[in-house]
Undergrad: 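Input: one structure, supplied below.
Each chain gets a letter, A, B and so on, in the order its sequence line appears, and its residues count up from 1. None of the values given here were measured: they were computed from a predicted structure.
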Protein chains: 2
Amino acid sequence: MSPSRPPMQLFVDRLLDRSMLGAAETEALLSLGGREVQVRAQLDIVPPGEEATSAWLVVDGLLGRFGQVIDGRRQITALHIAGDMCNLHALVTPRMSGALQALSAATVIRVDYRDLRHLVRTFPLIAEAFWRDCAAQASILSQWLVNIGRRDAQSRLAHLLCELAVRFEQARLGNRRAFRLDASQVHIGDALGLTAVHVNRVFRVIRDKGLVGAESRTILIHDWAGLAALGDFDEAYLHMKSHIVADALTSA
Amino acid sequence: MSPSRPPMQLFVDRLLDRSMLGAAETEALLSLGGREVQVRAQLDIVPPGEEATSAWLVVDGLLGRFGQVIDGRRQITALHIAGDMCNLHALVTPRMSGALQALSAATVIRVDYRDLRHLVRTFPLIAEAFWRDCAAQASILSQWLVNIGRRDAQSRLAHLLCELAVRFEQARLGNRRAFRLDASQVHIGDALGLTAVHVNRVFRVIRDKGLVGAESRTILIHDWAGLAALGDFDEAYLHMKSHIVADALTSA
DNA sequence: CGACTCATTGAGCGAAGTCAACGTCCGTGG
DNA sequence: CCACGGACGTTGACTTCGCTCAATGAGTCG
């Protein structure tokens, strides 16, 4: 945001949340090139079926990765907020990227896979950090599967809101009591495997319960404990404490 | 299986399906230690909430990774067949393993993370292959999310059967017209976000349509095209053509 | 045989979907 | 300035897919 903080610092911070990197690695990451692009809402950054050729760092806005079903309905498989590097996994599996869309107007930085591969080959710690980042994404994906497969609509929505609250807080984009979520109810439905109509009704219910509120696009969580209980939410899957990482790095 | 083919060869074959490895890497993988264990059906190899300390190579049988909901219902988030290395992702994220259970009687080999980390630090190509394996798992996870989130029960079941058919065929454990699936209808339900009762009914419907059949635990796919159409199945997400991998290795 | 697991089938219910209408906000252009 | 259109949110009436509860078969193992 401020001129003294290059956008790539966002991504470095994200990696440092989970992995240990030395000065050389940090510097190499910060010197990554990449063109900053403004995209409008609803733009397909990577259209369905297309092979990924670059990763996308979210500087501002909300992005969604999604899959499509034959009848045109879609399922969002990941939500990406500022600091997330989208399609990092496709660095090793370019065929399996999935589509990527801006859900709100957004600022992203295109980072070419060639540059990332160079970093990965040069710095084993960066390779490990990228791998860990992908594993963390997969962990979220697992939770989403449990959420959609085995919880009813109220719990689903509560769980998603809790997850986003924690992630926004971690990314220093708000806290778990208030954060700006630039997604329409259609998007929320696509993320939860529900229709927008039902999202609307269910949101009303948990609002009437006094758990949450909304002011334009800002989500207010009035009763964190209640919402977490309703969503059966345990934030462990989002975190990776540094002592574990340290252990992973020093053992062997 | 045969004495001349060490079990670890199964895993090497799996990696070679997607990644390029040299003789040194192959040899290092084959010399991995690990104790072979027989486990009975329904045994929790890694109980819920426990931190992973080793990976598990499936030699024979069927394993499931799953998450639990507060009321005791569960969602299988991955099915692992012979040749799969379970919990490889937790090598970098030990906290995020999820529970692991044998769905049938199974033979597995416990591979300590220390040994795997040593390999990863010594051979960058192995690190990349492991990372790619995790990304491929995540790709399957994405498809499952789409499947559960946006398809009705018939399509869900059809899609899962198609996926398993292709995976068993790839693993040379049968072909896409006939393969042995050691999962009960309860397990299938847990994988699809359905109840066992409904799985039973839906299986009857697609059987009556002439798409599939079953003899004890062997699934027979009578009409591949029909089943793939019903399940909206595109096997691209399971494959990784070698020329792509080669590109990934040579560029940069 | 008895105990157990798994598959099968029926009856009734309820959560979520579908279809449709209407309201609100906001940007845009005459 | 206001009229118009479009995107999004809200609500109601009705339908339906999948769940719950329950009973019964079928196969297997000690």
Undergrad: Take atom CG of B/Asp152 and atom C1' of C/dA15, then tell me their distance rounded to the nearest Å.
TA: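 Rounding to the nearest Å, CG of B/Asp152 and C1' of C/dA15 are 16 Å apart.
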Undergrad: Assign A/Gln42 to base, sugar-phosphate, or nothing according to its heavy-atom contacts below 4.0 angstrom with the strands shown.
TA: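 It contacts sugar-phosphate atoms only.
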Undergrad: Round to the nearest Å and state the distance from B/His198 atom NE2 to C/dA16 atom P.
TA: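 Roughly 15 Å, once rounded to whole Å.
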Undergrad: For A/Arg201 and C/dA15, give me the distance from atom CZ to atom P, rounded to whole Å.
TA: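 It works out to 13 Å between those atoms.
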Undergrad: Should the heavy atoms of other residues, nucleotides or ligands under 6.0 Å from CG of A/Leu220 be counted, would the total exceed 12?
TA: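 Atom CG in A/Leu220 is crowded, with more than 12 foreign heavy atoms closer than 6.0 Å.
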Undergrad: So does B/Asp84 pair up with B/Arg167, basic N to acidic O under 4.0 Å?
TA: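 Salt bridge between B/Asp84 and B/Arg167, a charged N being under 4.0 Å from a carboxylate O: yes.
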Undergrad: Taking for each residue the nucleotide of DNA chain C with the nearest heavy atom, is it B/Ala196 or A/Val199 whose nucleotide lies nearer the 5' end?
TA: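 Going by which nucleotide is closer to the 5' end, it is B/Ala196.
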Undergrad: Output the rounded distance in Å from CG (A/Leu194) to C1' (D/dC17).
TA: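 Taking atom C1' of D/dC17 as the reference, CG of A/Leu194 is at 14 Å.
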Undergrad: Rounded to the nearest 0.5 Å, what separates atom CZ in A/Arg180 from atom CD1 in A/Ile219?
TA: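 If I round to the nearest 0.5 Å, the distance is 10.5 Å.
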Undergrad: Please work out whether the ring planes of B/His159 and B/Tyr237 are parallel, tilted or perpendicular, with thresholds of 30° and 60°.
TA: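 Aromatic pair B/His159/B/Tyr237 classed parallel.
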Undergrad: To the nearest angstrom, how far is B/Gln185 atom CD from C/dT9 atom P?
TA: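 Roughly 10 Å, once rounded to whole Å.
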Undergrad: Mind checking if B/Gly189 touches a base, just sugar-phosphate, or nothing, with heavy atoms under 4.0 Å?
TA: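 No contact.
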Undergrad: Tell me whether the side-chain N/O atoms of B/Arg204 come closer than 4.0 Å to OP1 or OP2 in C/dG10.
TA: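 It does not, given that no N or O in the side chain of B/Arg204 lies less than 4.0 Å from OP1 or OP2 of C/dG10.
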Undergrad: Taking OP1 and OP2 of D/dG18, is either one under 4.0 Å from a side-chain nitrogen or oxygen of B/Thr195?
TA: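 For D/dG18, neither OP1 nor OP2 has a side-chain N or O of B/Thr195 closer than 4.0 Å.
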Undergrad: Between B/Asp190 (CG) and C/dC6 (C1'), how many Å, whole number?
TA: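 Roughly 14 Å, once rounded to whole Å.
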Undergrad: Write down the distance between CZ (B/Arg217) and C1' (D/dT28), rounded to a whole number of angstrom.
TA: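 In whole Å, D/dT28 C1' and B/Arg217 CZ are 12 Å from each other.
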Undergrad: B/Leu181 has an atom CG; how far is it from atom C1' of C/dA7, in whole Å?
TA: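 Going from CG in B/Leu181 over to C1' in C/dA7 covers 15 Å.
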Undergrad: Do the rings of B/Phe233 and B/Trp224 sit parallel, tilted or perpendicular, given the 30° and 60° boundaries?
TA: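 Perpendicular.
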Undergrad: Taking only N and O in the side chain of A/Asn200, is any of them less than 4.0 Å away from OP1 or OP2 of D/dT10?
TA: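 Checking D/dT10 against A/Asn200, a side-chain N or O does come within under 4.0 Å of OP1 or OP2.
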Undergrad: More 5' along DNA chain D: A/Arg150 or A/Val197, using each one's nearest nucleotide?
TA: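 By nearest-heavy-atom nucleotide position, the 5'-most residue is A/Val197.
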Undergrad: Is a donor-acceptor pair below 3.5 Å formed from side chain B/Arg156 to base D/dG18, judging by atom type as modelled?
TA: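 Check fails, no donor-acceptor contact within cut-off.
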Undergrad: Using a 4.0 Å heavy-atom cut-off, does B/Arg151 contact any base of the nucleic acid, only the sugar-phosphate backbone, or nothing at all?
TA: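 Nothing: the residue B/Arg151, judged by heavy atoms under 4.0 Å, touches no strand.
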